[in-house]
There are 2 protein chains.
Amino acid sequence: MTHPSDSRAYFFKIDTTIKKIRNVLQKRFNEEGFDLTVDQWVLIDHVARNEGISQNTLAELTTKDAPTVTRILDLLVKKGLVERRMSEEDRRKFNIYLKPEGQKTFETMLPVVKEIRRQGWGELSDEDYGHFVRIMDSIYQNFSD
Amino acid sequence: MTHPSDSRAYFFKIDTTIKKIRNVLQKRFNEEGFDLTVDQWVLIDHVARNEGISQNTLAELTTKDAPTVTRILDLLVKKGLVERRMSEEDRRKFNIYLKPEGQKTFETMLPVVKEIRRQGWGELSDEDYGHFVRIMDSIYQNFSD
DNA sequence: AATCAATAGTTAGTAAACCAATTTGTGCTC
DNA sequence: GAGCACAAATTGGTTTACTAACTATTGATT
């Protein structure tokens, strides 16, 4: 390996790490009896912080595409956690809201998710966080041309 | 945000970055006329470097699970790039080999993949690579208890 | 030699990602 | 106000991930 960028390692490491995180989250959700997938949680989280958000905006914020958001919302609606309300000013749009049950789910799950975030970061420092953000942003940026 | 680990940012950043990498790879594959998905490429790559590997070992090396490997191999076999040969010493196992067409595909695609790796790493330094590996391994390790 | 747990791989079902195509609605222009 | 490009959301098809259940084979124990 003459240079790091020559190795397969960095794609692989990112892939492995995100898979691990998702696995840990999902397993913990199941243990706690939370009937949600990780991606369903991600949407709930964003709707909770942006009541009345549109599906397209939700897609942007989560870096999911429109069909994916449609289908995850279908499941959340079926579970009674979320509702679509017709937008007043644009009849193509829906405004997405948490139902009371969804709000309760959000509040119950949030502390657990926060705990897992802390566990993952462990003893890494603020300086490490700086490195991390800089490196990830840089890779992203290098691919956005 | 009192502490980095309190923010949603690091899960999200890893997720976003790997998605970006996969998108760039896939788009480039399509432009070049390579009829493979990224994950199919990952298997080809590992088989090329480990002729006769078993499916289970392939699964370990790629952090994919057994059913996923089965199905991706099914597709690669159908495309005529790979073949399963019965193992001599254990009739439960297959040994996986590239067919000539698969070898050709591997050799054609490898330089392109290397180029994209280099592009992604860009001007980041060897020191950055050290930080990167340490941080990713640390997160992984924090979740492996 | 017979049993039985463990291993390699497959199959089935659900969820999510991506692309392409479609439907409905908006707003601009002529 | 008719036509047209554009936008929001949905639908369909293929691929991958995860779990669980299943088949066939191996190897260890008794």
Side-chain angles (χ1 to χ4, degrees), chain A residues 15-16 18-31 34-44 52-79 82-96, chain B residues 15-16 18-31 34-44 52-79 82-96:
Chain A
D15 196 54
T16 303
I18 193 65
K19 272 185 192 165
K20 183 68 167 185
I21 292 173
R22 286 176 162 274
N23 277 338
V24 168
L25 279 167
Q26 188 65 61
K27 284 217 172 82
R28 184 67 184 280
F29 286 1
N30 296 342
E31 283 166 19
F34 301 154
D35 178 30
L36 281 190
T37 66
V38 172
D39 295 289
Q40 287 165 17
W41 158 258
V42 169
L43 285 207
I44 293 271
I53 193 174
S54 75
Q55 296 191 192
N56 269 356
T57 309
L58 209 39
E60 273 177 38
L61 293 183
T62 58
T63 66
K64 297 181 184 303
D65 63 0
T68 299
V69 168
T70 292
R71 283 167 179 138
I72 297 178
L73 285 180
D74 286 346
L75 293 170
L76 292 175
V77 167
K78 199 184 304 178
K79 289 181 181 178
V82 146
E83 67 180 337
R84 289 179 168 103
R85 296 190 203 148
M86 267 236 157
S87 165
E88 301 288 333
E89 72 277 7
D90 186 337
R91 286 186 305 172
R92 291 171 303 183
K93 287 190 186 175
F94 290 114
N95 299 120
I96 311 299
Chain B
D15 196 53
T16 302
I18 193 66
K19 271 186 194 167
K20 184 67 168 186
I21 292 174
R22 286 175 163 275
N23 276 339
V24 168
L25 278 168
Q26 189 65 61
K27 283 216 174 84
R28 183 67 183 278
F29 286 1
N30 297 343
E31 282 167 19
F34 301 156
D35 178 29
L36 282 189
T37 66
V38 172
D39 294 290
Q40 289 164 15
W41 158 256
V42 169
L43 285 207
I44 293 269
I53 192 173
S54 74
Q55 296 192 190
N56 269 354
T57 309
L58 209 39
E60 274 177 36
L61 293 183
T62 58
T63 66
K64 297 183 184 302
D65 61 2
T68 299
V69 169
T70 293
R71 283 174 177 132
I72 297 179
L73 285 180
D74 286 347
L75 291 171
L76 293 175
V77 167
K78 198 182 306 175
K79 290 181 181 178
V82 146
E83 67 180 336
R84 290 178 167 104
R85 297 190 203 149
M86 267 237 156
S87 165
E88 302 288 332
E89 72 277 7
D90 186 338
R91 287 186 305 170
R92 290 170 303 181
K93 286 189 186 177
F94 290 115
N95 299 119
I96 311 297

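Order of the sequence lines fixes the chain letters, A, B, ..., with proteins taken first and strands second; residue numbering starts at 1 for each chain.
With DNA chain C read from its 5' end, the first of the two nearest nucleotides for B:Phe94 and A:Thr63 is the one closest to B:Phe94. In terms of position along DNA chain C, the nucleotide closest to B:Arg92 lies nearer the 5' end than the nucleotide closest to the other residue of the pair B:Arg92 and B:Arg84. Each of A:Asn95 and B:Asp90 has a nearest nucleotide on DNA chain D; the 5'-most of these lies closest to A:Asn95.
At least one side-chain nitrogen or oxygen of A:Thr70 sits closer than 4.0 Å to the OP1 or OP2 atom of D:dT10. Not one side-chain nitrogen or oxygen of B:Asn56 sits closer than 4.0 Å to the OP1 or OP2 atom of C:dT7. For the pair B:Lys64 and D:dT16, the criterion of a side-chain N or O lying under 4.0 Å from OP1 or OP2 is not met.
Here the side chain of A:Arg91 is nearest to one of D:dT16, C:dA16, C:dG25, namely C:dG25. The side chain of B:Pro67 approaches D:dT19 more closely than any other nucleotide in the set D:dA9, C:dA8, D:dT19.
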Might you list the N or O atoms of the protein lying below 3.5 Å from N or O atoms in nucleotides 13-15 of chain D, with each pair's distance?
{"unit_1": "D:dG13", "atom_1": "O6", "unit_2": "A:Arg71", "atom_2": "NH1", "d": "3.3"}

Requested in this report: Step by step, work out the side-chain hydrogen bond (donor to acceptor under 3.5 Å, both in side chains) result for B:Asn30 and B:Gln26.
Outcome: CA-CA 6 Å; B:Asn30 297 343; B:Gln26 189 65 61; 3.2 Å; yes
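Non-hydrogen atoms lying under 4.0 Å from DNA chain D are contributed by nothing in residues 19-30 of chain B.
In this structure, the side-chain hydrogen bond (donor to acceptor under 3.5 Å, both in side chains) partners of A:Glu89, at least two apart in sequence or on a different chain, are A:Ser87.
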